[in-house]
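Here the structure is a predicted model, which means the values were calculated and not measured.
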Amino acid sequence: MHLTRLALTDFRSYAAADVSLERGATTLTGSNGQGKTNLVEAAYYAATFGSHRVAADAPLVRHGADRAIIRAAVSGADRDSLIEIEVNPGRANRVRLNRVPLPRPREALGVLRCVLFAPEDLAVVKGDPDQRRRYLDDLLVATRPRYAGVRSDYERVVRQRSALLKSARARGGGVPRGLEVWDDQLVATGAELTAGRLGLVAAIRPHVAVAYSAVSGTASDSALRYRPSFRGNEEPDPEPGKIAAALREELESRQRAELERGVCLVGPHRDELELSIGELPARGYASHGESWSMALALRLAAFEVLRSDGEDPVLILDDVFAELDAGRRGRLAGLVAGAEQVLVTAAVGDDVPPELSGRRLTVAGGVIADD
């Protein structure tokens with residue numbers, strides 16, 4: 001699939017923007033602060049209903065405006081589609097697909113699929129476990145959009161259950177009324193989410209190993225291991241029934257600790273995706289170059305998993321080449337040059353390897369023009 005048009009109204013720095021796009025590589029060049037990343041952020045938002053830069057929607061709306069609008073025209077193997085998103089901070093966003101309003105925005109998930117590389121990706125390797133959980137969950141939703149509902153349901157259960165535990169602690173302890181009901185829901189939604197993550201880890205593991213060697217230019221081994229919050233932290237059997245049984249057993253054994261602390265200590269929100277290079281964990285031990293190679297390998301693995309459905313996702317390389325040495329630049333460009341559509345942002349055009357030579361657009365003062 002590929003984007004054929006991206007139009008923005010009051011999104012970030014753009015009062016209005018409208019750009020036609022083509023297959024192959026397109027590079028957006030311009031000085032920092034001119035709006036290059038804002039464009040690809042809008043494309044990514046049209047695919048995921050989320051930003052890779054901020055957690056809330058308010059910063060996406062141009063100063064002085066009360067909403068932003070993203071229109072993305074997508075050409076797929078079977079049909080062409082138009083996604084229209086009205087971003088309303090503090091209120092429900094509205095989404096239309098082919099001019100038809102959708103009662104639930106997530107019904108449009110999967111119409112456009114993107115894999116985005118950005119400097120923020122280093123946090124997936126070097127940051128806290130929540131960054132790696134988000135990587136898994138975002139990819140899980142991209143591969144199977146129904147998991148957007150599973151993820152949302154689980155997060156709601158954790159919030160409600162945590163609030164109940166906190167209020168019980170404030171009252172002096174004791175098992176609060178209704179805890180068993182929330183335990184049941186945590187087990188049900190948590191087992192489903194964990195099973196999905198485990199299946200995804202199994203799918204990306206070989207791709208990460210191949211991509212890491214290709215990007216780094218070394219024969220170093222890389223590995224992934226999913227470490228749950230139960231059963232001795234060993235990677236569990238992916239069968240949902242067995243996961244549910246293990247979750248319930250762990251909830252029972254840690255109930256006293258949860259009541260004493262007033263927090264939810266069991267479930268996939270406490271799990272970890274462990275990344276290692278050679279015999280050492282990547283977090284805390286990997287060099288800057290190794291961390292970049294691992295971050296890129298994770299995104300390349302996501303690309304391979306998504307394209308296994310028969311269509312390439314749109315690849316976005318947001319200000320990545322400035323962060324890489326010449327060797328990694330060339331190897332990465334060689335790996336992605338064959339994708340159906342690659343969108344690249346760069347402050348300096350010469351940073352982009354010749355393997356990705358294609359259409360060049362300049363972005364300056366909110367104006368987008370062919371170079």
Side-chain angles (χ1 to χ4, degrees), residues 1-12 14 17 21 37-62 65-74 76 81-118 120-121 124 130-131 133-156 159 189 193 196-197 200 269 299 302-303 305-306 309 311 313-316 318 341 343:
M1 66 176 57
H2 67 281
L3 278 166
T4 60
R5 182 186 174 198
L6 184 65
L8 310 177
T9 302
D10 291 326
F11 184 89
R12 288 285 194 179
Y14 291 98
L21 297 166
T37 291
N38 295 347
L39 281 171
V40 295
E41 180 183 28
Y44 185 74
Y45 194 99
T48 65
F49 302 145
S51 166
H52 69 292
R53 300 159 76 190
V54 293
D57 283 345
L60 306 180
V61 179
R62 190 172 64 91
D66 60 358
R67 64 176 184 173
I69 296 174
I70 302 169
R71 295 181 178 90
V74 184
S81 303
L82 175 65
I83 304 167
E84 298 173 283
I85 305 173
E86 183 179 297
V87 182
N88 297 305
R91 296 174 288 131
N93 292 343
R94 295 197 289 183
V95 177
R96 297 199 304 173
L97 179 60
N98 298 326
R99 310 291 186 185
V100 178
L102 299 179
R104 294 184 299 176
R106 65 173 180 251
E107 292 178 16
L109 289 171
V111 175
L112 172 64
R113 299 195 296 180
C114 292
V115 172
L116 185 145
F117 300 73
E120 291 84 355
D121 284 344
V124 179
D130 66 299
Q131 299 287 336
R133 291 193 294 266
R134 179 182 176 183
Y135 162 79
L136 284 179
D137 291 344
D138 287 349
L139 181 54
L140 190 59
V141 170
T143 55
R144 286 176 279 179
R146 74 174 186 85
Y147 274 97
V150 176
R151 181 186 192 178
S152 178
D153 289 345
Y154 178 75
E155 290 172 349
R156 177 183 58 83
R159 286 195 302 271
T189 56
L193 181 58
R197 286 180 181 176
L200 185 60
H269 67 292
R299 296 303 182 192
F303 175 78
V305 168
L306 287 171
D309 289 342
E311 285 189 296
V314 176
L315 267 173
I316 299 174
D318 181 24
Q341 186 175 54
L343 305 179

For this session: Assess whether side-chain contact (heavy atoms from CB on, under 4.5 Å) is satisfied between R96 and E86, documenting all intermediate values.
Result: CA-CA 9 Å; R96 297 199 304 173; E86 183 179 297; over 6 Å; no
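- Contact between L112 and A47 at its shortest, heavy atoms only, is O-CB, 3.3 Å.
- Between N93 and F49, every side-chain heavy-atom pair lies at or beyond the 4.5 Å cut-off.
- Look at R99 and E84 and you find a salt bridge, because one of the NZ, NE, NH1 or NH2 atoms lies within 4.0 Å of a carboxylate O, short of that distance.
- Evaluation of the side-chain contact (heavy atoms from CB on, under 4.5 Å) rule for T4 yields H2, A73, S75 as partners, not counting sequence neighbours.
- With no hydrogens or angles considered, no side-chain donor-acceptor pair links D121 and Y135 at under 3.5 Å.
- Residues L193 and D137 meet the side-chain proximity criterion, which asks for heavy atoms closer than 4.5 Å.
- In this structure, Y44 and H52 have perpendicular ring planes: the angle between them is above 60°, well past the 30° mark.
- Between the side chains of T189 and D153, no donor-acceptor pair is found at a separation under 3.5 Å.
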Problem set entry | Pair L343-L315, side-chain contact (heavy atoms from CB on, under 4.5 Å): steps then yes or no | CA-CA 6 Å; L343 305 179; L315 267 173; over 6 Å; no
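- Salt bridge annotation for R67-D10: absent, with no cationic side-chain nitrogen under 4.0 angstrom from a carboxylate oxygen.
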For this session: Step by step, work out the side-chain contact (heavy atoms from CB on, under 4.5 Å) result for L306 and V115.
Result: CA-CA 9 Å; L306 287 171; V115 172; 3.6 Å; yes
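- Under 4.0 Å is where a charged nitrogen must lie from a carboxylate oxygen, and between D138 and R151 at least one such pair does.
- The environment of R5 atom CZ is sparse: at most 12 non-hydrogen atoms of other residues, nucleotides or ligands sit within 6.0 angstrom.
- Here the side chains of E155 and H269 are not in contact, with every heavy-atom distance at 4.5 Å or above.
- Counting only distance, with no hydrogens or angles, the side chain of N98 and the backbone of L82 share a donor-acceptor pair below 3.5 Å.
- The minimum heavy-atom distance linking I85 with A46 is given by the pair CD1-CA, 3.7 Å.
- Exactly one residue among L116, L139, I316, V124 makes a side-chain contact (heavy atoms from CB on, under 4.5 Å) with R299. That residue is V124.
- In R94, the CZ atom is not crowded: 12 or fewer heavy atoms of neighbouring residues, nucleotides or ligands sit closer than 6.0 Å.
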Problem set entry | Test side-chain contact (heavy atoms from CB on, under 4.5 Å) applied to F11 and L60, step by step | CA-CA 6 Å; F11 184 89; L60 306 180; 3.9 Å; yes
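- There is a side-chain donor-acceptor pair under 3.5 Å between N38 and R53.
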